[in-house]
Every structure is written in structure tokens, then in C-alpha cells.
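Proteins get letters first, then strands, A, B, ... in listed order; numbering begins at 1 in each.
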2 protein chains.
Amino acid sequence: MQPIRTDTAEDFARRAQVMKALGHPSRLRLVDELSRGERCVCDLTQVIGHDMSTVSKHLRVLRKAGIVVDDKRGLQVFYRLKVPCVLNFFHCVDAVLDAR
Amino acid sequence: MQPIRTDTAEDFARRAQVMKALGHPSRLRLVDELSRGERCVCDLTQVIGHDMSTVSKHLRVLRKAGIVVDDKRGLQVFYRLKVPCVLNFFHCVDAVLDAR
DNA sequence: CCCATATTTGGTCATATTGCCAAATAACGA
DNA sequence: TCGTTATTTGGCAATATGACCAAATATGGG
């Protein structure tokens, strides 16, 4: 049972929300880091090199887009990719960049 | 000879630029329309339903990202997809949306 | 219960985005 | 060359974004 693709204005708005979530260097870096496994916010903050509050807000954007999920264990919150196919985007994006 | 993927800050910034270009409902709609073939700005303006100047600026964003190319023939400017793999994004984006 | 730690939330500020309109530019035809 | 058509450009106003800091909110340990 595959989903039926529709093309209403809302459909494109929802899709754009997902793409937009990936349209920031820090958030792309977060997705790349999470491709290697689950990470806590503290680790991700090190990777990004910005304030933890800033990283937390980037993670919220990714979570609301449906790209990552969080899991609180003790004091830490661990994030991981929800839908791994977003990693395929990197291939095509690099193809776009190579072609220009 | 495949390109070597590097992960500098600039690499992520460039990738994010491509994703960001796709992170707007009108621009996603433009890509979708161009997936069915080359189109002039006048046709695309009809599809989007905004001012032609607005559509022209969206097309410039896509062009600068390396996603589309333009071809002026007479009075009209025709746009087409430069790297078709961006169409694969739709599948995964819809998977993300279905999962949330 | 109190303290330390991890994370989120709220506020603020600077900057970027996106829409429209008007004007500039380019190309064709009479 | 003049007028028409297609497109781009520049400017403006409203809104959104992203960074920081400070404060609020868990949670676990002693």
C-alpha cells in the first residue's frame, strides 16, 4: 500500500518545510553527524560549535520536520535520524555542486 | 573518477544553499513543473500564481543553486532542470511526511 | 531536600527572505 | 525606428531566521 502523492498547495508547503529544515549548514552537519549514530545534545553542540541553545533550536526544527526523533534518558536527550533516506540527498546535492 | 566528498564548513554551506533553494513551496512547485519538461517564465508564472517578477526571482535562486538552467530564445526565457536527480528528493520527503 | 548538570524556552537584535510595484532591459515585428 | 511583449532588476515593507544570553525546567545524586 503505497501513499498517494497529491499536489495541493499544502502538500508543497509541507514538503518545503522538510527541505527547508535541511537548508542550513548547521542542520545539515547535524544530520551528517547523526548518520553515524545516535548523539546527545552535548555531543552535537561540540560538533556544531555554537551555543547549546542554538543547537537545541536547530534540533527542534529537524524534529518538527520529521527528520529526527529524540529520546530522553536521564539528564541527556539523544537524537537520531527518523528516516534514513535523507542521507541520499547528499549524493545528489554534491552532483548538483559538481555540475555547476 | 568520482568526486571526493569533503566536509569543510564551506562544503556544508554550499550543500545547504542547494537544499535551501528547494525549501520554498513555490520553488518546489517550479521544480515539479520543470520535471515535465522545459517551460518559459510566462508559463511558470501561471502555474505559481504570483507576480512574474516574484517567479523570476525564485528562478534565479534555483539557477544560482545549480538546479536549473535558462535558455533565452527570442523574447522568452526557457528553464529546465540541470540535474534530474533532485526529483528523487520528492520520494524521500514524502516518506518523511508519511512517517510523522 | 539541595545541588549540579543537561536541555529547553523566552527575549532581543541583526540580518535575510519574500511579496508587490515600478522601471529598466532585450528582442521581435511593422 | 517605434511599439509591443517577455523578463529582469531595484526598492520597499512585512515577516522570518538565527545567533546570543539569561532564566526556566527536568533529572539524578548525595
Does Arg60(A) place a side-chain N or O at less than 4.0 Å from the phosphate oxygens OP1/OP2 of dT9(C)?
yes

Nucleotide N/O to protein N/O under 3.5 Å, stretch nucleotides 20-22 of chain D:
unit_1: dC20(D); atom_1: OP2; unit_2: Asp51(A); atom_2: N; d: 3.1
unit_1: dC20(D); atom_1: OP2; unit_2: Thr54(A); atom_2: OG1; d: 3.1
unit_1: dC20(D); atom_1: N4; unit_2: Lys57(A); atom_2: NZ; d: 3.3
unit_1: dC21(D); atom_1: N4; unit_2: Ser53(A); atom_2: OG; d: 2.8

What is the distance, rounded to the nearest whole Å, between atom CD of Gln17(B) and atom C1' of dT17(C)?
14 Å

Tell me the interatomic distance from Asp70(B), atom CG, to dT7(D), atom P, rounded to whole angstroms.
11 Å

Tell me: CZ of Arg63(B) to C1' of dT9(D), nearest whole Å?
12 Å

Would you say Leu22(B) and Arg27(B) make side-chain contact, with heavy atoms under 4.5 Å?
no

Gln46(A) CD to dT7(C) C1', straight-line distance once rounded to whole Å
14 Å

salt_bridge(Arg14(A), Asp11(A)) N-O dist < 4.0 Å
yes

So what does Phe78(A) hit on the nucleic acid, given a heavy-atom distance under 4.0 Å: a base, only sugar-phosphate, or nothing?
nothing

Quick check: is Met19(B) connected to Leu87(B) through a chain of hydrophobic side chains (ILVMFWY, heavy atoms under 4.5 Å apart)?
yes

Do the rings of His58(A) and His24(A) sit parallel, tilted or perpendicular, given the 30° and 60° boundaries?
tilted

In whole Å, I'd like the distance from the CD atom of Gln76(B) to the C1' atom of dC28(C).
12 Å

Under 4.0 Å from OP1 or OP2 of dT17(D): is there any side-chain N or O of His58(A) that close?
no

Ion pair present between Arg15(B) and Glu10(B), side-chain N to carboxylate O less than 4.0 angstrom?
no

Per-nucleotide protein contact string for nucleotides 25-30 of chain D (B base, S sugar-phosphate only, - none; heavy atom under 4.0 Å):
-BBS--

OP1 or OP2 of dA16(D) less than 4.0 angstrom from a side-chain nitrogen or oxygen of Lys20(A), does that happen here?
no

Protein-nucleotide distance (Asp71(A), atom CG; dA6(C), atom P), rounded to Å:
17 Å

Is there a chain of hydrophobic side chains (I, L, V, M, F, W, Y, each step under 4.5 Å between heavy atoms) that links Val55(A) to Val61(A)?
no

Rounded distance [0.5 Å steps], OG in Ser56(A) versus OH in Tyr79(A):
5.5 Å

Quickly work out the Leu62(A) CG to dT17(D) P distance and round it to whole Å.
14 Å

For dA6(C) and Tyr79(A) - does any side-chain N or O of the residue sit under 4.0 Å from the phosphate oxygens OP1/OP2?
no

Angle, rounded to 10°, between the helical axes spanning five pairs at each terminus of the helix from dC1(C)-dG30(D) to dA30(C)-dT1(D)?
20°

Electrostatic pair Arg5(B)-Asp7(B), nearest N-O below 4.0 angstrom:
yes

Examine Arg73(B) relative to Phe78(B) and say whether NZ or CZ is less than 6.0 Å from the centre of the six-membered ring and inside a 45° cone about the ring axis.
yes

Can you find a side chain N or O atom of His24(B) that sits less than 4.0 Å from OP1 or OP2 on dA16(C)?
no

How many Å lie between CG on Leu28(B) and P on dT18(C), as a whole number?
12 Å

Where do Ile67(A) and Val18(A) come nearest, in terms of heavy atoms and distance?
CD1-O, 3.9 Å

Would Leu62(B) and Val69(B) show up in the same hydrophobic cluster when neighbours are defined by side-chain heavy atoms closer than 4.5 Å?
no

Spell out, as yes or no, whether a donor-acceptor pair under 3.5 Å connects the side chain of Arg39(A) to the backbone of Leu44(A).
no

